[in-house]
Amino acid sequence: ESTYRQAIEVAGAVPYRQVFDEDGQIIYVFMGDGIRQITGYGPEEFNDELWDSMVLERQLLEDLAPYSVDEAIQQVRTGKNPIWKCEHCIRARDGKIRWVFEAAVDLRDERGIAYGSIGMYQDITERKQSQENLQRSFLQQSAILNNIPDMAWLKDKNSRYIAVNE
């Protein structure tokens, strides 16, 4: 298990292991030290209540995208979707906004009942900011191009059309 934790940490992610109590609440039994760099809170402080208080927005990914958070949790816990993937927008201890990718798989007993999960958190703030900047540039370019009264277009260096006004 420690080898896997090291591999995850080398990849710039923070491994965790959690169990579900009889009420379905999450208890972290392991949290990598890197969580302090992402959230400002150390592994010894980290719990589900703290995490929920930091989360400002959740974007469920892939097969979970059509579901609400509660529905997605049930999809994973019942085994209908084997992998939890989500992007969380959080407010860290220092007040800064960060984006965190989470991926996890449930641990199951011999009857197939989920009793916990293993997963990882990864800071994706720079990637999200780059995506937002790219989207903003595209919208600005479209606005300029579409406000030219005559026909106008953009071509790439190989003279291929990449945009035409409406």
K.L.:
Is it possible for you to say whether Val55 and Ile26 belong to one hydrophobic cluster, with membership spreading through side-chain heavy-atom contacts below 4.5 Å?
P.N.:
yes
K.L.:
How far does NZ of Lys80 sit from OG1 of Thr78, to the nearest 0.5 angstrom?
P.N.:
4.5 Å
K.L.:
Would you compute the distance between atom CD of Glu132 and atom CD of Gln135 and round it to the nearest 0.5 angstrom?
P.N.:
9.5 Å
K.L.:
Which other residues belong to the hydrophobic cluster containing Val29, where Ile, Leu, Val, Met, Phe, Trp and Tyr are joined when side-chain heavy atoms lie under 4.5 Å apart, directly or via other members?
P.N.:
Val19, Ile27
K.L.:
Search all heavy atoms of Gln122 against all heavy atoms of Ala13 and return the closest pair with its distance.
P.N.:
CB-CB, 4.2 Å
K.L.:
Can you tell me how far apart OH (Tyr16) and CE (Met31) are? Round to the nearest 0.5 Å.
P.N.:
7.5 Å
K.L.:
For residues Glu45 and Gly40, report the shortest heavy-atom separation together with the two atoms involved.
P.N.:
OE1-O, 4.5 Å
K.L.:
Salt bridge check: are Glu87 and Arg127 linked by an N-O gap of less than 4.0 Å?
P.N.:
yes
K.L.:
Among residues at least two apart in sequence or on other chains, which ones pass ring-ring contact (aromatic ring centres under 6.0 Å, His included) with Trp51?
P.N.:
Phe46, His88, Tyr121
K.L.:
Do Glu102 and Trp84 get their side chains close enough for a donor-acceptor pair, meaning under 3.5 Å?
P.N.:
yes
K.L.:
Under 4.0 Å between a side-chain nitrogen and a carboxylate oxygen: does that hold for Glu126 and Arg98?
P.N.:
no
K.L.:
Between Thr125 (side chain only) and Trp99 (backbone N and O only), is there a donor and an acceptor less than 3.5 Å apart?
P.N.:
yes
K.L.:
Between Lys155 and Ile162, is there a side-chain heavy-atom distance shorter than 4.5 Å?
P.N.:
no
K.L.:
Taking only residues at least two apart or on different chains, which pairs with a member in residues 60-72 satisfy salt bridge (Lys or Arg N to Asp or Glu O under 4.0 Å)?
P.N.:
Glu62-Lys85
K.L.:
Answer yes or no: is there an ion pair linking Glu57 with Arg91, defined by an N-O contact shorter than 4.0 Å?
P.N.:
no
K.L.:
For the side chain to side chain contact (heavy atoms under 4.5 Å, CB included) test, which of Val14, Ile90, Ile38 pairs with Asp123?
P.N.:
Ile38
K.L.:
Filter on salt bridge (Lys or Arg N to Asp or Glu O under 4.0 Å), then keep only pairs touching residues 157-166, sequence neighbours left out; what's left?
P.N.:
Asp156-Arg160
K.L.:
Of all the heavy-atom pairs spanning Ala114 and Asp106, show the shortest one and how long it is.
P.N.:
CB-OD2, 3.4 Å
K.L.:
Would you give the length of the straight line joining atom CD of Gln18 to atom CD of Gln25, rounded to the nearest 0.5 angstrom?
P.N.:
11.5 Å
K.L.:
Apply side chain to side chain contact (heavy atoms under 4.5 Å, CB included) to residues Arg36 and Arg93 and explain how you reach the verdict.
P.N.:
CA-CA 9 Å; Arg36 186 182 319 273; Arg93 180 179 244 167; 5.8 Å; no
K.L.:
Same cluster or not: are Leu64 and Leu61 linked, directly or through other Ile, Leu, Val, Met, Phe, Trp or Tyr residues, by side-chain heavy atoms under 4.5 angstrom apart?
P.N.:
no
K.L.:
Please lay out, stage by stage, how Gln74 and Tyr67 fare under the test side chain to side chain contact (heavy atoms under 4.5 Å, CB included).
P.N.:
CA-CA 10 Å; Gln74 287 309 308; Tyr67 299 103; over 6 Å; no
K.L.:
Could you report the tightest heavy-atom contact between Val76 and Arg108, atom names first, then the distance?
P.N.:
O-NH2, 2.7 Å
K.L.:
If hydrophobic residues (ILVMFWY) are linked whenever their side-chain heavy atoms come closer than 4.5 Å, directly or via other members, who joins Val105 in its cluster?
P.N.:
Ile83, Leu107, Tyr115, Ile118
K.L.:
Could you go step by step and tell me if Arg17 and Tyr28 meet the side chain to side chain contact (heavy atoms under 4.5 Å, CB included) rule?
P.N.:
CA-CA 6 Å; Arg17 184 169 185 267; Tyr28 287 91; over 6 Å; no
K.L.:
Flag yes if Val100 and Ile97 sit in one hydrophobic cluster, no otherwise; membership is Ile, Leu, Val, Met, Phe, Trp, Tyr, and two members link when side-chain heavy atoms are under 4.5 Å apart.
P.N.:
no
K.L.:
In the hydrophobic clustering (ILVMFWY, side-chain contacts below 4.5 Å, transitive), which residues join Phe138, or is it alone?
P.N.:
Leu139
K.L.:
Would you indicate whether the side-chain heavy atoms of Pro43 and Asp33 approach each other to under 4.5 Å?
P.N.:
yes
K.L.:
Dump the intermediate steps for side chain to side chain contact (heavy atoms under 4.5 Å, CB included) on Lys128 and Gln59, then the final yes or no.
P.N.:
CA-CA 12 Å; Lys128 291 294 272 189; Gln59 295 177 355; 3.1 Å; yes
K.L.:
Can you give me the closest heavy-atom contact between Leu50 and Asn47, atom names plus distance?
P.N.:
N-OD1, 2.7 Å
